Amino acid sequence: QKAPIRVLVTGAAGQIAYSLVNFIAKGDVFGTDQPLDLILLDIKLMMEVLGGVVMELKDCALPLLREIVATDDYEVAFKDIDVAFLVGAMPRKQGMERKDLLTANVTIFKGQGQALDKYAKKNVKVIVVGNPANTNALICSKYAPSIPKENFTAMTRLDQNRAMAQIAERLDCNVNDVNKVIIWGNHSATQYPDVRFATAVKNGATMIQKRGAAVIAARKLSSAMSAAKASCDHIKDWWFGTGDRWVSMAVPSDGSYGIKEGLVYSFPVICTGGDERKYKIVQGLKIDDFSRSKMDLSAKELEEEREMALSVCKD
Ligand code: NAI
């Protein structure tokens, strides 16, 4: 019997978490032989709602789920955690661009970076889902200097999954038959979904960048179930490895493909799994002029976001 791991979900009373906590607790991410403690963080105002989520989780009668902690206290939430799903943030509303959210969210992610630094395990794996996800991850890492930078990632897997699903639909094939779809850059409208290397693709035209807006228009709420699933895919692949599949993760740039070091930028990566749980950016891809301009545009946006974010943080 494996020792339980401690998994934190922030924004736990929100809509993404409502699907996510069930996926995690039933073994979709860490395997059906891995017991876990689930720590649920939200703001004070949401504690009653969160209490309802806890009741339902218990009512799911999930054998892997040990302790459930619902809290608004950072010390309790971040203490000794192995994995953090940082979902909590102000969500994007209809017609709102991600930049409007930046100022509000930077402060949250600074505080959570400090809490990670102080309380979490030093090998904690972090996925930031809350928008603007790439820059929130950068800020979080900045304020958690005792944790390796590469442990901070942001989610572009939903964009990858959307791309794969649309390609599979168009080609009338199974989504598993689609591989090597890349999301470059920011989780925003400047992201560059790159299908040049994709296998099982005939016509690469996709509408990935605006898919989030389409879901909002239809559902009157932002993507939640698919976002929760994507965050599980991201952490599962990081935890167990990808084999030779490529997956897109926003990770701190090491200068690959001319992207400034330190920007949290979505690259195609391969995860090693094992005890080390490393990821490597896929190297040596040929970048044509069109791709270059798209990739640079998203990098430029991220540089602007970084500047804006740092000016909010001051110290
Ligand atoms: P939601 O509004 O339903 O839930 C957010 C929850 O976070 C709320 O319960 C709120 O009280 C909580 N929260 C706010 N500040 C907090 C703090 N400081 N600590 C802990 N909890 C806090 O939003 P939803 O739909 O669950 O989305 C969450 C985030 O995920 C949004 O920022 C959204 O834009 C983002 N998102 C990112 C995607 C991606 O692909 N990277 C895809 C879809 C959504």
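Order of appearance sets the numbers: ligands from 1, and atoms from 1 within every ligand. As the structure is a computational prediction, the values presented were derived from the model and not from experiment.
- If you look at His187 next to ligand 1, the close heavy atoms, those under 4.0 Å, all belong to the side chain.
- By the criterion of a heavy-atom distance under 4.0 Å, the side chain of Tyr74, and not its backbone, is placed next to ligand 1.
- For the residue pair Ser298/Gln191, the side-chain donor-acceptor check at 3.5 Å is not satisfied.
- Here the side chain of Ser253 pairs a donor or acceptor atom with the backbone of Gly255 at under 3.5 angstrom.
- Across Thr71, Ile43, Leu50, heavy-atom proximity to atom 17 (C) of ligand 1 is greatest for Ile43.
- Of all the heavy atoms of Met46, the ones lying under 4.0 Å from any atom of ligand 1 belong exclusively to the side chain.
- The residues Arg292 and Asp288 are annotated as not salt-bridged, no charged nitrogen and carboxylate oxygen being separated by less than 4.0 angstrom.
- When each atom of ligand 1 is checked for a heavy atom of Gln112 under 4.0 Å away, the hits are 17 (C), 18 (N), 19 (N).
- Residue Phe109 places every heavy atom at 4.0 Å or more from ligand 1.
- Summarising the geometry, atom NZ belonging to Lys44 is positioned 12.0 Å from atom CG belonging to Leu50; distances are rounded to the nearest 0.5 Å.
- Heavy-atom proximity to atom 9 (O) of ligand 1, evaluated over Ile216, Asn105, Asp42, is greatest for Asp42.
- Evaluated by nearest non-hydrogen atom to atom 21 (N) of ligand 1, the leading choice among Pro132, Gly11, Ser226, Ala250 is Gly11.
- Both the backbone and the side chain of Asn131 come within 4.0 Å of ligand 1, judged by heavy-atom distances.
- Taking every non-hydrogen atom of Val87 and a distance limit under 4.0 Å, the qualifying atoms of ligand 1 come out as 28 (C), 29 (C), 30 (O).
- Ligand 1 has no nitrogen or oxygen under 3.5 angstrom from a nitrogen or oxygen of Asp159.
- Atoms of ligand 1 lying under 4.0 Å from any heavy atom of Ala13, numbered from 1 in the order shown and given with element: 9 (O).
- Using a 4.0 Å heavy-atom cutoff, Ser223 is listed among the residues neighbouring ligand 1.
- Within the 4.0 Å heavy-atom criterion, both parts of Ala89, backbone and side chain, lie near ligand 1.
- At a heavy-atom distance under 4.0 Å, no atom of Arg157 approaches ligand 1.
- Glu75 and Lys118 are not joined by a salt bridge, as no carboxylate oxygen comes within less than 4.0 angstrom of a charged side-chain nitrogen.
- Lys236 has no carboxylate O lying under 4.0 Å from a charged side-chain N of Asp28, or vice versa, which leaves the two without a salt bridge.
- Checking side-chain atoms of Tyr257 against main-chain N and O of Gly284 turns up a donor-acceptor pair under 3.5 Å.
- Distances below 4.0 Å separate heavy atoms of Met90 from the following atoms of ligand 1: 32 (O).
- In this view, Tyr279 and Trp238 satisfy the ring-ring contact (aromatic ring centres under 6.0 Å, His included) rule, not counting sequence neighbours.
- Each of the following atoms of ligand 1 lies closer than 4.0 Å to a heavy atom of Ala227: 42 (C), 43 (C).
- If you look at Ile108 next to ligand 1, the close heavy atoms, those under 4.0 Å, all belong to the side chain.
- Ring geometry for Tyr74 versus Phe78: interplanar angle over 60°, hence perpendicular rather than tilted (30 to 60°).
- For the pair Asp237 and Arg157, the salt-bridge criterion is met [side-chain N within less than 4.0 Å of a carboxylate O].
- Residue Lys58 qualifies as open at atom NZ: its count of foreign heavy atoms under 6.0 Å is 12 or below.
- Using a 4.0 Å cut-off to heavy atoms of Ser222, the atoms of ligand 1 that qualify are 25 (O).
- More than 12 non-hydrogen atoms from other residues, nucleotides or ligands lie less than 6.0 angstrom from NZ of Lys26.
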